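Attaching a single structure in structure tokens format; questions to follow.
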Amino acid sequence: VQLQASGGGLVQAGGSLRLSCAASGRTFTNYALGWFRQAPGKEREFVAVVSKNSLRSHYADSVKGRFTISRDNAKNTFYLQMNSLKPEDTAVYYCAAEGSPLLASSTVVTTVKEYDVWGQGTQVTVSS
């Protein structure tokens with residue numbers, strides 16, 4: 001599968017953005033889908049994940065209650081709705097997919113090394 005992220009931009013603190021990640025190629029429902037971010041000078045960090053069967057999602061503590069991950073299997077697209085944005089949310093956001101057949105349908109994965117497909121990243125900048 002190939003991933004294409006979009007939807008980043010410049011927003012004021014307290015504002016909202018919705019990131020999209022369009023997938024093409026292999027069967028979309030075979031993948032757990034995640035969002036990560038990387039700020040300048042920092043390592044890439046986990047943000048959110050949704051399981052293959054959409055029954056489970058998991059969030060980093062720093063975004064819990066503000067961000068929502070979702071997937072639309074009919075459109076081969078998944079999303080990250082980001083509300084109440086803060087300047088510390090500024091980063092390049094990456095979408096990723098994990099398609100191991102050994103991964104159970106309800107399992108969520110949160111580490112960079114577990115993901116085998118990555119999108120190109122989209123910049124999110126939150127001004128104070």
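Just so we're clear, the structure is a prediction, and the values are computed from it rather than from any experiment. Values reported hereafter were calculated over all heavy atoms of this structure, with side chains retained and with hydrogens, waters and symmetry mates removed.
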Problem set entry | Smallest separation among heavy atoms of F78 and G34, with atom names |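 That would be CE1-O, 3.5 Å.
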Problem set entry | Spatial distance of atom OG1 (T107) from atom CD (E114) [nearest 0.5 Å] | 9.5 Å
Exercise. Relative to F28, does R71 satisfy both conditions: NZ or CZ under 6.0 angstrom from the six-membered ring centre, and within 45 degrees of the ring's axis?
Worked result: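 Yes, R71 lies over the aromatic ring of F28.
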Exercise. Would L19 and V124 count as a side chain to side chain contact (heavy atoms under 4.5 Å, CB included) if you check the C-alpha gap in whole Å, the side-chain angles of each, and the deciding distance to 0.1 Å?
Worked result: CA-CA 9 Å; L19 305 183; V124 171; 4.0 Å; yes
Exercise. Under 3.5 Å, is there a donor-acceptor pair between the side chain of K52 and the main chain of L103?
Worked result: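 Present.
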Seminar exercise, completed: For D116 and G99, the nearest pair of non-hydrogen atoms, with its separation, is OD1-N, 3.8 Å
Exercise. Less than 4.5 Å apart, any side-chain heavy atom of T122 and any of S6?
Worked result: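 Side-chain contact under 4.5 Å: no.
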Problem set entry | Approximate separation, where rounding is to 0.5 Å, of W35 CH2 and Y93 OH |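 W35 CH2 to Y93 OH: 10.0 Å, rounded to 0.5 Å.
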Problem set entry | Side-chain donor or acceptor of S105 paired with backbone N/O of N53 under 3.5 Å | no
For this session: Decide whether T77 and D72 meet the rule of one side-chain donor and one side-chain acceptor closer than 3.5 Å.
Result: no
Problem set entry | Joint cluster assignment, V11 & L80, ILVMFWY side-chain distance < 4.5 Å |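 V11 and L80: one cluster.
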Problem set entry | Cluster link V112 to V47, ILVMFWY, side chain under 4.5 Å |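 They do not share one cluster, since no chain of ILVMFWY contacts under 4.5 Å joins V112 to V47.
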Exercise. Are Y115 and V50 connected in the hydrophobic side-chain network, where two residues link if heavy atoms are under 4.5 Å apart?
Worked result: no
Exercise. Which is it for D89 and M82 under the side chain to side chain contact (heavy atoms under 4.5 Å, CB included) test, yes or no, and what are the steps along the way?
Worked result: CA-CA 9 Å; D89 294 319; M82 306 185 294; over 6 Å; no
Exercise. Is it true that the side chains of R18 and Y79 contain a donor and an acceptor less than 3.5 Å apart?
Worked result: no
Exercise. Roughly how far, to the nearest 0.5 Å, is the CG atom of L10 from the OG1 atom of T90?
Worked result: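 Output value for this atom pair is 8.5 Å.
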For this session: Name all residues meeting the ring pair (Phe, Tyr, Trp, His ring centres under 6.0 Å) criterion together with F46; count only those two or more places apart in sequence or in a different chain, and write none if there are none.
Result: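 Checked F46 against ring pair (Phe, Tyr, Trp, His ring centres under 6.0 Å); matches are F36, H58.
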Problem set entry | Residue pair R37 / V92, side-chain heavy-atom distance below 4.5 Å |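 The answer is no, as the side chains (C-beta and beyond) never meet within the 4.5 Å cut-off.
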For this session: For residues S57 and I69, report the shortest heavy-atom separation together with the two atoms involved.
Result: CB-CG2, 3.9 Å
For this session: Please lay out, stage by stage, how Q81 and S70 fare under the test side chain to side chain contact (heavy atoms under 4.5 Å, CB included).
Result: CA-CA 8 Å; Q81 178 67 44; S70 62; over 6 Å; no
Exercise. Okay, side chain of Q38, backbone of E45: is any donor-acceptor separation there less than 3.5 Å?
Worked result: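 Flag not set: sc Q38 to bb E45 has no pair under 3.5 Å.
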Exercise. Can you list the residues that meet the side chain to side chain contact (heavy atoms under 4.5 Å, CB included) rule with K64, with sequence neighbours excluded?
Worked result: Y59, D61
Exercise. Looking at V109 and A32, what are the two nearest heavy atoms and their distance?
Worked result: CG2-CB, 4.5 Å
Exercise. Rounded to the nearest 0.5 Å, how far does OG of S51 lie from CG of L33?
Worked result: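 These two atoms lie 9.0 Å from each other.
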Problem set entry | Check: Q123/T125 side-chain N/O donor and acceptor closer than 3.5 Å | yes
Problem set entry | Distance-minimising heavy-atom pair for P87 and A13 | CD-CB, 4.1 Å
Problem set entry | From S16 atom OG to N83 atom CG, the distance as rounded to the nearest 0.5 Å |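 Answer rounded to 0.5 Å: 3.5 Å.
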For this session: Please tell me if the side chains of Q12 and L85 come closer than 4.5 Å, counting only heavy atoms from C-beta onward.
Result: no
Exercise. Just wondering, do L17 and F67 contact through their side chains at under 4.5 Å, heavy atoms?
Worked result: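 No. Closest side-chain heavy atoms not under 4.5 Å.
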Exercise. Would you say the side chains of N73 and T29 form a donor-acceptor pair under 3.5 Å?
Worked result: no
Problem set entry | hydrophobic_cluster_shared for V108 and Y31, side chain cutoff 4.5 Å |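 In one cluster with Y31: V108, no.
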